[in-house]
Amino acid sequence: MAKIKGANAVLDVMYKWGIDHLYGFPGGSFDSTMNAIYEMQDKVKFIEVRHEEAGALAASAEYKLTGKLGVCMGSAGPGAIHLMNGLYDAKYDKTPMVALVANVPTPRQDINFFQAFDEMPWFRDVAVWVHQAKTKEALPVLMDTAIRQAYAKKGPAVLVIPKDFGWQEIEDNYRVSASNHTADNYAAPTAESIEAATKLIKEAKNPVVYFGLGAEKAADELKEFSDKFKMPMMSSYLGKGIVEDSFKAYLGTIGRIGAKAPNEVQGHTDLVVWVGNNSPFSVLWFPKNAKVIQIDVDPEKQGKRHSVDVSILADAKKSLRALIDAGEAREESPLYKAALADREEWDAWLDSFKDDHLKDEGRVRQEPIWDVINTEAADDAVFAIDVGNVNMDHVRLLNMNGKQRWTTSGLHATMGYGAPAALAAATAYPDREVWHLAGDGGFAMMSEELLTIARYNMHVLTVVFTNETLGYIEAEQRDESNQPLSGVILPDNDWAKVAEGMNMKAFTVRDKAEFEAAVKEWKKMDGPAFIDVKYTKHMAYSTELNTLDDPEFVKYYHAEALHPFSYFAEKFGLEVDAASAASGHAEDKAEALSVQATSSASVPENAPDTTSGASH
């Protein structure tokens with residue numbers, strides 16, 4: 001019978017699962033696997049990152065973008081530890097991936113050898129499955145199991161491979177179970193739950209929809225549902241892009257990073273249709289007495305963030321279709337009219353800055369730059385979004401069309417995510433534009449991955465918004481804790497020179513015209529480019545404060561054209577008692593946070609599945 005080396009067998013299993021590449025960095029303890037990569041280079045591509053953390057983040061990002069499991073690797077000791085941040089990103093965002101971790105040869109384990117330690121305990125908290133091979137024959141079986149466990153349990157699986165097992169030959173007769181892997185098929189709703197939900201929808205005065213990533217495959221149903229029942233829609237941040245931003249009843253994301261309208265509207269509803277959404281911040285939103293219809297495939301999520309009146313334990317797409325078919329069409333409610341008018345005014349206000357006529361202390365504002373991105377990005381562009389104020393600009397200013405894809409680090413929210421996600425996007429979608437968008441703080445953490453992007457000539461445009469501050473943290477210190485700024489100021493680096501030193505065409509821009517010209521030049525290229533935007537230091541509009549009755553607030557944010565929500569409530573006849581509800585019912589915030597902290601103290605909440613009706 002034919003023989004095969006253990007490491008080759010591991011890669012062969014991966015390949016038979018349809019995975020033709022992996023991210024990693026070589027190390028002595030992984031020599032056997034690096035030899036397998038060399039021998040199988042006609043089947044498996046090795047994406048050599050500059051830091052193992054980037055490889056793990058890239059593997060996590062790949063599933064978020066494609067629904068297909070990614071694989072990374074780290075050598076024994078420091079290489080293994082460097083994977084942790086990416087593995088926790090996958091854990092929190094419920095992202096299937098596999099990490100291959102090397103260990104020293106079996107005779108050198110447990111004797112305090114170089115770079116050797118007991119790796120299993122390190123990974124037990126973060127992984128949905130972790131195992132070290134005890135025999136060379138077990139390697140292909142364990143790799144097949146790791147992939148199945150990652151898909152089944154929606155998280156990272158870790159396989160530890162002793163170096164000597166990778167070199168040793170085994171019988172080439174193992175079985176791979178890839179052909180048995182099928183897509184998730186979630187239940188349809190019960191007739192009783194649809195009947196109860198339809199009754200609440202009919203009785204409600206001012207209902208709304210609040211959806212998350214669990215509704216990813218239900219975009220058409222969300223829009224039809226909103227149209228028929230005249231409900232404004234709001235989403236979690238990770239729900240952005242499911243419904244195109246141009247849809248008139250989609251107000252955007254609730255929360256600090258979101259726009260004005262959804263943050264105001266959420267406090268005035270009497271019914272929330274809660275679809276595939278597990279945002280931890282949602283404990284701070286919606287009136288306590290609002291009724292809730294919750295649609296989710298995970299029973300653990302039912303009633304978790306708000307008391308629920310009707311639980312629908314079923315697929316989002318199937319449930320929305322059943323409600324559409326069963327319910328009676330509604331007229332526009334006062335809240336619906338007020339919500340659309342509030343959004344329309346906000347959009348017009350943002351548009352007023354697009355022409356770049358207003359500079360904040362001589363630096364370009366957010367709106368002109370993102371207007372160019374909206375105009376120039378391809379209809380199927382992929383956006384790798386770092387963590388920080390860039391999330392606020394992305395959710396408010398990028399007009400996604402339903403065909404474009406994007407990814408960020410959700411619940412883990414690790415800075416430095418953008419560059420690894422960009423190289424994953426370019427690997428998965430080599431024929432599509434990839435936009436890597438980051439603040440200078442987040443970019444600095446993983447800036448070395450420009451070398452990876454340049455090395456493989458990936459068609460990635462890296463845009464760094466240099467405002468010389470950790471802006472998201474600065475706003476927290478100013479607006480939430482009202483403290484002196486501490487530890488947030490960054491130096492004004494010449495990032496374009498850094499990018500040029502990493503073999504990339506680079507530009508420094510200070511206005512809209514320069515940015516547009518640089519983008520157009522990149523679009524003519526077949527490889528990467530870099531743009532350092534000397535960006536406004538002015539904080540974006542605070543929807544947490546949102547005090548339009550304060551002249552100083554209005555002056556600082558140039559908000560003379562905006563009206564408080566009371567204006568729209570009065571205009572459209574929204575009842576005074578409903579219209580007076582505080583956005584986020586601030587009096588309950590401390591209590592809600594206390595409850596959340598108590599329930600989540602030891603085990604972090606997982607964000608849900610990116611391909612099914614599971615929440616977030």
Side-chain angles (χ1 to χ4, degrees), residues 206 208-211 226 230-237 239-269 285 332-358 360 365-371 373-375 389-401 475 479 536 538-551 553-572 574 579 581-584:
N206 294 297
V208 302
V209 175
Y210 179 48
F211 68 88
S226 173
K230 297 298 182 286
M231 294 190 196
M233 291 192 293
M234 298 164 280
S235 75
S236 67
Y237 178 35
K240 180 180 172 66
I242 294 174
V243 172
E244 60 269 25
D245 287 284
S246 60
F247 187 74
K248 68 176 183 177
Y250 175 53
L251 307 182
T253 295
I254 312 177
R256 178 181 164 194
I257 66 173
K260 174 175 174 283
N263 281 285
E264 293 178 325
V265 169
Q266 60 83 21
H268 312 309
T269 181
W285 304 324
E332 294 181 357
S333 68
L335 183 62
Y336 182 85
K337 295 175 182 177
L340 269 60
D342 196 3
R343 178 204 156 149
E344 183 178 358
E345 181 183 83
W346 172 263
D347 289 347
W349 178 71
L350 292 177
D351 287 346
S352 72
F353 300 108
K354 285 182 180 179
D355 63 3
D356 206 12
H357 73 280
L358 178 65
D360 292 325
R365 283 178 60 92
Q366 299 93 337
E367 296 88 356
I369 297 300
W370 288 80
D371 184 46
I373 297 173
N374 283 323
T375 302
N389 268 1
V390 67
N391 301 112
M392 185 180 299
D393 292 344
H394 163 239
V395 79
R396 296 182 184 185
L397 299 173
L398 185 64
N399 298 324
M400 301 193 71
N401 60 17
D479 298 344
T536 178
H538 204 83
M539 292 295 107
Y541 186 97
S542 173
T543 53
E544 284 189 308
L545 298 179
N546 200 27
T547 50
L548 287 170
D549 55 348
D550 178 0
F553 178 91
V554 172
K555 180 180 178 181
Y556 179 82
Y557 291 110
H558 309 290
E560 292 80 7
L562 295 178
H563 290 92
F565 190 72
S566 57
Y567 167 84
F568 301 103
E570 182 178 355
K571 181 175 180 179
F572 294 103
L574 189 62
S583 178

Q. Looking at F553 versus Y541, is the centre-to-centre ring distance below 6.0 Å?
A. yes

Contact summary for [X] and [Y], nearest pair of heavy atoms:
| X | Y | value |
| --- | --- | --- |
| W285 | G255 | CZ2-CA, 3.4 Å |
| S236 | Y210 | N-CE1, 3.9 Å |
| E544 | D479 | OE1-CB, 4.5 Å |
| A261 | A339 | CB-O, 4.4 Å |
| W346 | A259 | NE1-CB, 3.4 Å |

Nearest 0.5 angstrom please: [X] [atom1] to [Y] [atom2], how far?
| X | Y | atom1 | atom2 | value |
| --- | --- | --- | --- | --- |
| M234 | I254 | CE | CD1 | 4.5 Å |
| R396 | L350 | CZ | CG | 8.0 Å |
| H394 | K240 | NE2 | NZ | 5.0 Å |
| L548 | Y557 | CG | OH | 11.0 Å |
| N374 | M400 | CG | CE | 10.0 Å |
| K337 | N206 | NZ | CG | 11.0 Å |

Does the side chain of [Y] come within less than 4.5 Å of [X]'s, by heavy atoms?
| X | Y | result |
| --- | --- | --- |
| V265 | F565 | yes |
| Q366 | F353 | no |
| N389 | M539 | yes |

Has [X] got a side-chain atom pairing as donor or acceptor with [Y]'s backbone, closer than 3.5 angstrom?
| X | Y | answer |
| --- | --- | --- |
| R365 | T536 | no |
| R256 | T543 | no |
| S226 | M231 | yes |

Q: Please test E244 against Y250 for side chain to side chain contact (heavy atoms under 4.5 Å, CB included), starting from the C-alpha separation and ending with a verdict.
A: CA-CA 8 Å; E244 60 269 25; Y250 175 53; over 6 Å; no

Q: Please step through side chain to side chain contact (heavy atoms under 4.5 Å, CB included) for the pair K260 and W349, ending with a clear verdict.
A: CA-CA 11 Å; K260 174 175 174 283; W349 178 71; over 6 Å; no

Q: Under the side chain to side chain donor-acceptor pair (under 3.5 Å) rule, collect the residues that match up with D550, sequence neighbours excluded.
A: none

Q: Could you please spell out the steps behind the side chain to side chain contact (heavy atoms under 4.5 Å, CB included) verdict for E570 and H563?
A: CA-CA 12 Å; E570 182 178 355; H563 290 92; over 6 Å; no

Q: Sort out for me which residue in N391, V395, N263 forms a side chain to side chain contact (heavy atoms under 4.5 Å, CB included) with T253.
A: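 The side chain to side chain contact (heavy atoms under 4.5 Å, CB included) with T253 is passed solely by V395 among N391, V395, N263.
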
Q | E332, CD atom: more than 12 neighbouring heavy atoms under 6.0 Å | A | yes

